[in-house]
Amino acid sequence: MTPPGTEWTRQLDAEFSAGDEDALAAAYRRLAPLVFTVALRSMDDRAVAADITQDVFVRAWRFRDSFDPQYGTVPAWILGISRNVILDTLAARSRQNQMVARSGAIAEPESPRRHAREVDAVTDRVVLDAELDLLGEPQQSILRLAFYEDLTHQQIAQRLDLPLGTVKSHIRRSLAHLRGRLGAWNATS
Amino acid sequence: MRHLDPDSLGIAALDEPLDWWSRDHLDACSTCEDEVAALHEVVSLARSGGPGRLEEPDPAVWDAVAQELGLAGTTTVPRLHAVGAVETLGSRAATASDPRPPGPGTMRPGASRGRRTVPAWWLAAAAVVGIAVGGGVLWAVQSPDGGGRTLASIELAPLPDFSGSGEATLTETGDGLRRLDVTVSGAAPGGFREVWLLAPDATRMYSIGILDGDHGTFDVPDAIDLRQFPVVDVSDEPLDGDPAHSGVSVVRGSIDAPAA
């Protein structure tokens, strides 16, 4: 399986596992924006998101012995750690809110399962954003117009001055590509 | 059995209306239906969140990681997106098996070759500095010479180790075309000056033309979304016939313009 991210390689997986600090730096470069963005969208607090990002990479390095490059990739593994750290942080925040709730200020404790669903959904969207950013042009513009501006393929062809057939073919191929990329991220996490 | 035209699968996944034959076929054929459903997952995921951009943590976060782990040689901040090489839009389009450049434009035909690879981090680092230094955006309703509506007018600020300055004005002409006027001052270039529109992270870019001395006027093709490529970059290019960005940017500024 191709590891997630065009600039991540199997070689880096092996180097990370072997304790090469350059591979950690490479992982940070490639993944810190993803981890930070997922944390930020989940916690809605930049300082907390920065702490989570730090924690995730510290843990990833300390526990690298439990990462096996035969069975997974560093990007998927780090996103898994990120999920755990965010869920722990959300749980701690909930406990605090519950204590406040008992004192009468806030009601409704949040369920851990709901947290997990939400963090997974946020992670999927952030991974999609990252993969969209990696698409070339005009594929990226075509999909953004279709996704976010709800234009039909005829309108997109007109807007970008591309032949209708080219737009249709880019839509199908890019959707299939993104689906494959999302699968690659999820398969080993 | 005749199946859906492959490209109609994507159209269906976007919830666009299909012709009657395709609709009937989708109702009856589980192969095509599954294919559409799989692509549709991507579509609904994207639409569930709206457009979002990745954000980068403060550089202090890496310092804290390195310190907490007591890393030996890696005390410097790794540049985010440091891996990979700058690709011109043309080179990506070519690898995506569609050699047609996006829309009519002034992209040089040779731009798709991109032999010289510039480390992306160099440009990206410069981008951050350049935008931070870059002057304020000045808005006006009419351009001074009356030659169309001014969409944005910006100062171009020098990058570290360069002097000089410049300005860029984006206008919309009477017939709806976007035109970029670029003027620079400062030391003569080693080779020639080329004007680019960069994505904010400087990993993607268009060449829009070559400055004749200190000045140039360029049509901006409709296909270029200035929200995605807002950074006006002037580079010093050696006379080596290589169409890729030299990595030597002289002045920059960012257009905060609506995509006209």
Side-chain angles (χ1 to χ4, degrees), chain A residues 6-8 21-22 24-26 28-30 32-37 40-41 46 49-50 53-54 57-58 61-62 121-122 124-126 128-130 132-133 136-141 143-144 146-148 152-153 159-163 165-166 168-176 178-179 182, chain B residues 6-11 13-14 16-17 38-43 45-58 60-62 64-65 68-69 71-74 78-84 87 89 91-93 95-98 100 102-104 121 201 203-204 221-223 225 228:
Chain A
T6 48
E7 62 272 57
W8 194 259
E21 288 179 5
D22 286 343
L24 172 65
Y28 185 88
R29 231 158 21 221
R30 172 73 179 95
L34 274 99
V35 172
F36 180 72
T37 304
L40 183 60
R41 291 192 198 166
R46 294 192 86 84
T53 307
Q54 177 184 342
F57 284 92
V58 167
W61 193 243
R62 288 213 172 122
V122 169
D124 281 345
R125 281 202 296 270
V126 171
L128 181 65
D129 288 341
L132 259 180
D133 281 346
E137 290 290 358
Q139 290 90 330
Q140 188 179 139
S141 297
L143 284 198
R144 287 190 190 279
F147 288 161
Y148 305 127
T152 64
H153 69 284
R159 172 85 73 95
L160 299 180
D161 195 20
L162 291 169
T166 306
K168 282 172 82 168
S169 143
H170 277 316
I171 286 172
R172 199 247 315 157
R173 282 193 225 162
S174 305
L175 285 177
L178 289 175
R179 184 180 147 237
L182 289 170
Chain B
D7 290 341
S8 296
L9 296 170
I11 300 305
L14 287 170
E16 285 192 37
L39 299 182
H40 191 262
E41 277 176 32
V42 178
V43 176
L45 176 63
R47 287 180 176 162
S48 69
R53 294 288 181 166
L54 263 58
E55 298 200 44
E56 294 181 0
D58 192 276
V61 174
W62 170 254
V65 170
E68 193 172 345
L69 292 172
L71 298 187
T74 355
R79 307 279 187 184
L80 299 176
H81 307 308
V83 187
E87 290 178 82
L89 178 137
S91 69
R92 290 212 178 200
T95 55
S97 73
D98 182 354
R100 190 180 188 279
W121 64 262
D201 64 2
T203 54
R204 291 175 298 128
D222 281 342
D225 182 350
Q228 289 189 43

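Numbers restart at 1 for each chain; the letters A, B, ... are given by sequence-line order, proteins then strands.
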**Q** If you measure from CG on Asp58(B) to CZ on Phe36(A), what distance do you get to the nearest 0.5 Å?
**A** 8.0 Å
**Q** In terms of heavy-atom proximity below 4.5 Å to chain B, should Arg179(A) be classed as side chain, backbone, both, or neither?
**A** both
**Q** Working to the nearest 0.5 Å, report the span between OH of Tyr28(A) and CD of Glu21(A).
**A** 15.5 Å
**Q** Checking Pro17(B) against chain A: side chain, backbone, both or neither under 4.5 Å from a heavy atom?
**A** neither
**Q** Sequence neighbours excluded, which residues qualify as salt bridge (charged side-chain N to carboxylate O under 4.0 Å, His left out) partners of Glu41(B)?
**A** none
**Q** Tell me, out of Gly165(A), Ser174(A), Ala121(A), Ala146(A), who's got the most heavy-atom pairs with chain B below 4.5 Å.
**A** Ala146(A)
**Q** Could you tell me which portion of Glu55(B) (side chain, backbone, both or neither) has an atom closer than 4.5 angstrom to a non-hydrogen atom of chain A?
**A** both
**Q** So what's closer than 4.5 Å to chain A heavy atoms on Leu14(B): side chain, backbone, both or neither?
**A** side chain
**Q** Can you tell me which portion of Ala13(B) sits under 4.5 Å from chain A's heavy atoms? Options are side chain, backbone, both or neither.
**A** side chain
**Q** Roughly how far, to the nearest 0.5 Å, is the CD atom of Gln54(A) from the CG atom of Leu69(B)?
**A** 9.0 Å
**Q** Can you tell me how far apart CD1 (Ile11(B)) and CD1 (Ile171(A)) are? Round to the nearest 0.5 Å.
**A** 4.0 Å
**Q** Kindly determine whether Thr37(A) and Asp129(A) satisfy side chain to side chain contact (heavy atoms under 4.5 Å, CB included), including the steps that lead there.
**A** CA-CA 10 Å; Thr37(A) 304; Asp129(A) 288 341; 5.9 Å; no
**Q** Look at Gln228(B), Arg47(B), Glu16(B) and state which one has the largest set of heavy-atom pairs under 4.5 Å with chain A.
**A** Glu16(B)
**Q** Name the region of Leu132(A), side chain, backbone, both or neither, that has any atom closer than 4.5 Å to a heavy atom of chain B.
**A** neither
